[in-house]
Student: 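Dumping the structure here so I can ask a few things about it.
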Amino acid sequence: QVQLVESGGGLVQAGGSLRLSCAASGRTFSWYTMGWFRQAPGKEREFVAFTTWSGGNTHYADSVKGRFTISRDNAKNTVYLQMNSLKPEDTAVYYCAASGIPSSLAREYHYWGQGTQVTVSS
């Protein structure tokens, strides 16, 4: 079992920045691909980014490429999502998740956090 707890969400103006953190506990964190997903009201959950166990392979959704950066610190069992140049359409609940394989598909992730709200005002 892996337990995931997100933090760092909040209200920010368009163009601003936020850094989300996801602290993991339980089974060996460093084994897992870690991903970030988001879900806006009335919409499906969508992939944002993932990083493989070493942090050497990252992948982003086109909508956030160049603005968001995912990173991880295996010594601290934590994965981060640095979000810059935020837009109102980035408003959503953001979830971190753990998977045994590198994937942008939510169904491949078996452990999920409770989510943290990000609201971007125009």
Side-chain angles (χ1 to χ4, degrees):
Q1 285 283 351
V2 175
Q3 291 79 42
L4 303 173
V5 179
E6 303 95 336
S7 62
L11 173 64
V12 64
Q13 288 189 330
S17 298
L18 281 175
R19 188 174 84 154
L20 305 183
S21 299
C22 173
S25 60
R27 295 184 67 177
T28 306
F29 170 77
S30 60
W31 293 354
Y32 292 91
T33 287
M34 298 300 297
W36 285 96
F37 291 78
R38 66 187 182 186
Q39 188 166 19
K43 294 189 176 182
E44 302 261 329
R45 189 169 297 190
E46 66 172 357
F47 167 74
V48 175
F50 75 68
T51 176
T52 54
W53 69 272
S54 68
N57 183 12
T58 58
H59 183 64
Y60 298 90
D62 287 343
S63 59
V64 306
K65 202 171 293 183
R67 300 187 298 122
F68 291 10
T69 303
I70 188 170
S71 62
R72 67 191 295 165
D73 184 338
N74 288 340
K76 296 183 178 179
N77 288 354
T78 301
V79 62
Y80 305 97
L81 185 69
Q82 178 66 44
M83 306 186 295
N84 299 329
S85 302
L86 282 161
K87 305 175 181 181
E89 51 263 44
D90 294 317
T91 295
V93 177
Y94 283 71
Y95 299 89
C96 73
S99 171
I101 61 171
S103 177
S104 60
L105 300 175
R107 65 173 182 263
E108 300 290 356
Y109 287 77
H110 304 294
Y111 302 104
W112 292 83
Q114 292 301 306
T116 185
Q117 176 71 47
V118 172
T119 303
V120 184
S121 64
S122 56

Student: Determine whether Arg38 and Thr91 satisfy the following criterion, side chain to side chain contact (heavy atoms under 4.5 Å, CB included), listing intermediate values before the conclusion.
Tutor: CA-CA 9 Å; Arg38 66 187 182 186; Thr91 295; over 6 Å; no

Student: Distance from His110 atom NE2 to Tyr32 atom OH, nearest 0.5 Å?
Tutor: 9.0 Å

Student: May I ask you to decide if Ser7's main-chain N or O and Thr116's side chain share a donor-acceptor pair within less than 3.5 Å?
Tutor: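 The answer is no, because no donor-acceptor pair under 3.5 Å joins these two groups.
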
Student: Return yes if some donor-acceptor pair links the side-chain N/O of Asn74 with the main-chain N/O of Trp53 below 3.5 Å, else return no.
Tutor: yes

Student: Using the ring-ring contact (aromatic ring centres under 6.0 Å, His included) rule, take Tyr109 and Phe37 through it: C-alpha gap first, then chi angles, then the decisive distance, then the call.
Tutor: CA-CA 10 Å; Tyr109 287 77; Phe37 291 78; 5.0 Å; yes

Student: Before giving the answer on side chain to side chain contact (heavy atoms under 4.5 Å, CB included), spell out for Phe68 and Leu86 the whole-Å C-alpha distance, their side-chain angles and the decisive distance to 0.1 Å.
Tutor: CA-CA 9 Å; Phe68 291 10; Leu86 282 161; 3.8 Å; yes

Student: Say whether Phe50 and Met34 are linked into one hydrophobic cluster, either directly or through other cluster members, by side-chain heavy-atom distances under 4.5 angstrom.
Tutor: no

Student: Salt-bridged, Asp62 to Lys65, with N to O below 4.0 Å?
Tutor: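 Yes, charged N to carboxylate O under 4.0 Å.
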
Student: Once you round to the nearest 0.5 Å, how far does OG1 of Thr51 lie from CG of Leu81?
Tutor: 11.0 Å

Student: State whether the side chain of Glu6 and the backbone N or O of Gly115 hold a donor-acceptor pair below 3.5 Å, judged by distance alone.
Tutor: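 Flag set: sc Glu6 to bb Gly115 pair under 3.5 Å.
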
Student: Using the rule given for side chain to side chain contact (heavy atoms under 4.5 Å, CB included), can you reason through Leu4 versus Tyr95, listing the C-alpha separation, both sets of side-chain angles and the distance that settles it, and then say yes or no?
Tutor: CA-CA 9 Å; Leu4 303 173; Tyr95 299 89; over 6 Å; no

Student: Mark yes or no for whether Thr52, through its side chain, and Asn57, through its backbone, hold a donor-acceptor pair below 3.5 Å.
Tutor: yes

Student: Report the C-alpha separation of Val64 and Met83 in whole Å, then their side-chain angles, then the decisive distance to 0.1 Å, and conclude whether the side chain to side chain contact (heavy atoms under 4.5 Å, CB included) test is met.
Tutor: CA-CA 8 Å; Val64 306; Met83 306 186 295; over 6 Å; no

Student: Can you say whether the rings of Phe47 and His59 are parallel (under 30°), tilted (30 to 60°) or perpendicular (over 60°)?
Tutor: parallel

